[in-house]
Undergrad: 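Just dropping this structure here.
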Amino acid sequence: MRVKVTKNKNSQSFYVIKDVNVAGKWTTKIVAALGNENQLREKHPDYEPLVWAKKQAKLLTQKEKANQNSLIKSFSAAKLIEKDKQRSFNVGYLFLQDILSQLGLKQACKKIQAQTRIKYDLYNILALLIYARILSPSSKKSSLAYMQEMLGVDLPNLHDIYRALSLLSERKEELVSASYHHSINVKPRDTRILYYDCTNFYFEIEAAEDMKQYGVSKEHRPNPIIQMGLFMDANGLPLSFTLFDGNKNEQPSMKPLEKEIMRDFHLSDFVVCTDAGLSSNQNRKYNSFSNRHFITTQSIKKLKKNFKDWALDPSGWQKPNDKTQYNLNELNLETDNSIYYKIRPINGNDLDQNLFVTFSPKYLRYQRQIRQGQIDRAIKQANSKQKNKRNNPNDPGRFIKEKHFTKEGEKANQVQYLIDKERIKKEKMFDGFYGICTDLEASPLELIKINKNRWEIERCFREMKTEFQVRPVYVRREDRIKSHFLVCFLALLVFRLFKQEIPGYSSYELIKTLRQFNLAEISAGDYIPIFQRTDLTDKIHDSFGFRLDRELITQKYFKKIYKQTKKEKKYAKN
């Protein structure tokens with residue numbers, strides 16, 4: 001440390017400073033402000049101000065070194081660390097705990113516990129399983145091993161975890177309902193628009209059993225699957241879910257779950273937005289009564305000829321908030337980024353609805369770029385006399401046709417692989433077009449916006465499958481499988497609420513950072529952070545109102561933070 005003197009017209013001031021390294025750059029830090037020249041002469045008349053200031057700098061330097069040496073002396077270069085003792089702990093779960101504590105699950109679990117008279121702490125097990133699913137997804141046994149790395153938690157035993165799974169599956173509806181009603185206080189829930197979609201999860205088994213049945217796998221796997229239907233609100237937060245057999249049609253899964261939501265969540269006025277695979281005529285009718293409406297994607301290719309001709313007709317197009325009529329043949333498709341639309345009634349099957357079609361030159365350019373890459377791969381396959389036979393609508397093999405012929409003097413048929421130019425031409429007809437059917441009376445911009453947000457539910461499924469590694473499922477009993485998916489659903493809700501607190505970062509970045517929030521124990525109850533402080537860690541700390549990046553985390557301070565994140569916040573009633 002050294003003395004720094006700053007001068008002005010009337011006096012000079014004395015400071016003790018030291019060099020510090022911040023984010024790889026050296027700078028100076030003021031350790032102590034000693035006062036100005038007149039103050040020092042008055043307080044210490046036996047010393048010149050500069051001499052006294054240098055003496056103080058020397059004393060502060062010696063004190064700092066003594067503190068450092070006392071810490072170093074508490075360790076020995078010859079002594080081995082204690083065997084089988086956990087020395088590094090994760091505290092990133094505290095941010096998740098701060099959110100989970102607000103979702104009403106503790107009270108719901110207490111109610112269940114009182115009714116069943118179980119001895120173990122049901123909420124503690126559920127909470128730890130949710131943290132482990134986000135931070136270290138694995139089997140329940142491996143999750144228990146990871147829980148030992150969470151600082152300050154009460155560890156359950158493995159038998160109680162499995163018993164809890166059997167119980168949780170029976171009380172799924174009340175737990176999901178509690179999480180919805182209490183989450184309203186954490187983040188607004190926009191339930192005017194509800195999105196519904198389905199996915200499935202395969203099991204690495206050979207024989208079908210219970211709900212695990214052979215069906216069409218989204219991942220093109222030849223294994224038995226279980227299917228999941230998920231409702232999401234307009235803010236991208238999961239609402240509720242259902243599980244059903246892998247060999248069943250997904251369309252009938254929506255109505256029972258929708259009834260459950262209306263009953264348990266007290267919702268009645270909403271618009272259900274789905275993709276074409278879930279838009280059966282029965283589902284559309286069901287959501288065209290009372291204050292409910294539907295918006296569903298509609299394949300232009302599958303329309304009846306008169307509607308298809310109308311949708312592809314280049315004349316009669318408009319822009320939102322613009323009454324001018326446009327002809328698509330007169331547009332500059334290479335530079336135009338506008339969205340054009342047309343709308344007409346499409347009645348039948350006792351259902352009144354509108355067909356809303358959009359055309360986007362930007363979407364057209366994107367589709368043609370993707371297809372050109374597929375055509376290039378198809379040409380390579382044809383030249384190498386191969387044809388990919390996978391039943392995939394985006395597979396390049398669809399552009400290859402086989403021509404059989406017999407050479408003169410040979411009996412065996414020969415096969416020639418050619419590019420199917422007619423198939424390419426037919427596909428190009430639909431580039432840039434997108435259709436939806438709806439009974440909702442809304443502006444074109446509103447319809448476009450609602451349908452555009454449907455991709456968010458796909459991201460929910462992707463987060464579950466990639467970040468939370470929902471499968472493989474390491475339990476076999478059907479009740480425990482259902483509880484496994486309940487834990488994954490609640491983990492998705494908690495993480496999405498956390499993600500909305502820290503906008504602008506990917507799921508991967510956020511989860512990676514939470515996993516790296518580790519502390520190392522240096523003495524009984526005292527810890528030091530061993531994670532890198534970044535702009536992201538600062539934003540997380542600022543959002544949640546406590547800090548884990550102090551140079552020293554004492555036992556007293558950690559207990560304060562732990563208690564803070566476990567406590568349910570009080571919200572003002574509306």
Side-chain angles (χ1 to χ4, degrees), residues 112 116 118 120 122 125-126 129-130 132-133 136-145 156-176 196-231 238 240-260 277-278 280 390-392 457 460-492:
I112 295 170
T116 55
I118 56 177
Y120 53 83
L122 182 63
I125 292 176
L126 177 59
L129 287 174
I130 290 171
R133 180 52 49 184
S136 182
S138 187
S139 67
K140 303 302 174 280
K141 186 176 181 180
S142 296
S143 294
L144 179 59
N157 63 57
L158 188 59
H159 293 300
D160 285 342
I161 290 178
Y162 286 121
R163 292 188 185 102
L165 289 176
S166 298
L167 179 58
L168 288 170
S169 65
E170 301 173 8
R171 315 303 284 263
K172 171 251 179 183
E173 290 183 13
E174 56 192 283
L175 290 170
V176 171
Y196 185 73
D197 203 354
C198 292
T199 191
N200 50 54
F201 303 89
Y202 69 90
F203 286 72
E204 293 169 332
I205 56 177
E206 297 300 328
E209 58 182 14
D210 301 324
M211 297 177 69
K212 304 183 287 291
Q213 298 292 327
Y214 286 100
V216 180
S217 171
K218 304 280 186 181
E219 299 167 69
H220 310 289
R221 305 288 292 222
N223 307 87
I225 58 174
I226 278 182
Q227 302 193 77
M228 171 188 275
L230 178 70
F231 265 108
S240 188
F241 76 101
T242 185
L243 298 174
F244 54 100
D245 295 356
N247 60 353
K248 289 186 177 179
N249 185 352
E250 60 186 20
Q251 290 180 349
S253 68
M254 185 176 77
K255 189 174 177 181
L257 184 59
E258 193 173 334
K259 286 182 177 180
E260 182 182 313
L278 290 159
S280 65
R390 287 192 303 172
N391 186 21
N392 186 335
I457 197 167
C460 282
F461 288 139
R462 187 163 61 249
E463 286 173 350
M464 292 180 73
K465 291 186 176 183
T466 56
E467 306 300 342
F468 303 159
Q469 298 177 25
V470 175
R471 63 145 316 275
V473 180
Y474 293 98
V475 288
R476 293 193 61 182
R477 283 175 42 174
E478 187 168 309
D479 57 344
R480 293 175 180 176
I481 290 174
K482 290 179 179 178
S483 292
H484 167 77
F485 283 100
L486 172 62
V487 169
C488 294
F489 169 83
L490 293 173
L492 178 66

Undergrad: What's the shortest heavy-atom distance between Ser143 and Ser138, and which atoms?
TA: OG-O, 3.8 Å
Undergrad: Does a side-chain heavy-atom distance below 4.5 Å link Leu492 with Cys460?
TA: yes
Undergrad: Please examine the side chains of Ile481 and Met211, heavy atoms only from C-beta on, and report whether any two atoms are closer than 4.5 Å.
TA: no
Undergrad: Could you please spell out the steps behind the side-chain contact (heavy atoms from CB on, under 4.5 Å) verdict for His484 and Leu165?
TA: CA-CA 7 Å; His484 167 77; Leu165 289 176; 5.7 Å; no
Undergrad: Grab the two heavy atoms, one from Leu144 and one from Pro156, that are nearest each other, plus how far apart they are.
TA: CD1-O, 3.4 Å
Undergrad: Please confirm whether the backbone N or O of Cys198 pairs with a side-chain atom of Gln227, one donor and one acceptor, at under 3.5 Å?
TA: no
Undergrad: Under 3.5 Å, is there a donor on one side chain and an acceptor on the other for Ser166 and Arg477?
TA: yes
Undergrad: Could you go through the salt bridge (Lys or Arg N to Asp or Glu O under 4.0 Å) check for Glu467 and Arg133 one step at a time?
TA: CA-CA 9 Å; Glu467 306 300 342; Arg133 180 52 49 184; over 6 Å; no
Undergrad: Determine whether Lys140 and Arg480 make a side-chain contact, defined as any pair of heavy atoms from C-beta on separated by less than 4.5 Å.
TA: no
Undergrad: Return the NZ to CG distance between Lys218 and Asn200, rounded to the nearest 0.5 Å.
TA: 6.0 Å
Undergrad: So how far is it from Leu168 CG to Leu175 CG, rounded to the nearest 0.5 Å?
TA: 6.0 Å
Undergrad: With side-chain contact (heavy atoms from CB on, under 4.5 Å) as the criterion, how do Tyr196 and Leu230 come out once you've worked through the C-alpha distance, each side chain's angles and the decisive distance to 0.1 Å?
TA: CA-CA 6 Å; Tyr196 185 73; Leu230 178 70; 5.7 Å; no
Undergrad: Say whether, by atom type as modelled, one donor and one acceptor occur between the side chain of Asn223 and the main chain of Glu206 under 3.5 angstrom.
TA: no
Undergrad: Rounded to the nearest 0.5 Å, how far does NZ of Lys212 lie from CZ of Phe201?
TA: 14.5 Å
Undergrad: First locate atom CZ of Phe231, then atom CD of Glu260, and finally report the distance between them rounded to the nearest 0.5 Å.
TA: 10.0 Å
Undergrad: Does Leu490 reach the side chain of Leu126, with side-chain heavy atoms less than 4.5 Å apart?
TA: yes
Undergrad: Could you give me the CA-CA distance, side-chain angles and deciding distance for Lys172 and Leu243, then say whether side-chain contact (heavy atoms from CB on, under 4.5 Å) is met?
TA: CA-CA 11 Å; Lys172 171 251 179 183; Leu243 298 174; over 6 Å; no
Undergrad: Verify salt bridge (Lys or Arg N to Asp or Glu O under 4.0 Å) between Asp160 and Arg163, making sure each step is shown before the conclusion.
TA: CA-CA 5 Å; Asp160 285 342; Arg163 292 188 185 102; 2.8 Å; yes
Undergrad: Which distance, rounded to the nearest 0.5 Å, do you find between the CD of Gln213 and the CD1 of Ile225?
TA: 9.5 Å
Undergrad: Cation-pi check, Lys141 to Tyr162: give yes when NZ or CZ is under 6.0 Å from the six-membered ring centre and within 45° of the ring axis, no otherwise.
TA: no
Undergrad: I want to check something: taking the side chain as every heavy atom from C-beta on, are Met228 and Met464 in contact at a cut-off of under 4.5 Å?
TA: yes
Undergrad: Can you measure from CZ (Phe485) to CD1 (Ile226) and round to the nearest 0.5 angstrom?
TA: 5.5 Å
Undergrad: Closer than 3.5 angstrom, by distance alone: can the side chain of Ser483 be matched with the main-chain N or O of Ser169 as a donor-acceptor pair?
TA: yes
Undergrad: Should Phe461 and Thr466 count as side-chain neighbours, where that means a heavy-atom distance under 4.5 Å?
TA: no
Undergrad: Checking Asp245 side chain against Asn247 main chain: does a donor-acceptor pair fall under 3.5 Å?
TA: no
Undergrad: Between Lys465 and Thr199, does a side chain to side chain donor-acceptor pair (under 3.5 Å) hold up when you go through it step by step?
TA: CA-CA 10 Å; Lys465 291 186 176 183; Thr199 191; 2.8 Å; yes
Undergrad: Which heavy-atom pair separates Leu257 from Gly229 by the least distance, and what is that distance?
TA: CD2-O, 3.9 Å
Undergrad: Has Ser136 got a side-chain atom pairing as donor or acceptor with Ala132's backbone, closer than 3.5 angstrom?
TA: no
Undergrad: Quiz question: by atom type and distance under 3.5 Å, do the side chains of Ser142 and Tyr474 form a donor-acceptor pair?
TA: no
Undergrad: Could you report the tightest heavy-atom contact between Cys488 and Phe468, atom names first, then the distance?
TA: O-CD1, 4.4 Å
Undergrad: Give me the atom names and distance for the closest heavy-atom approach of Ser253 to Phe244.
TA: CB-CE2, 3.4 Å
Undergrad: Measure the shortest side-chain to side-chain distance between Phe489 and Pro238 over non-hydrogen atoms and say whether it is less than 4.5 angstrom.
TA: yes
Undergrad: Scan side-chain atoms only and decide if Arg471 and Tyr202 contain a donor-acceptor pair under the 3.5 Å cut-off.
TA: yes
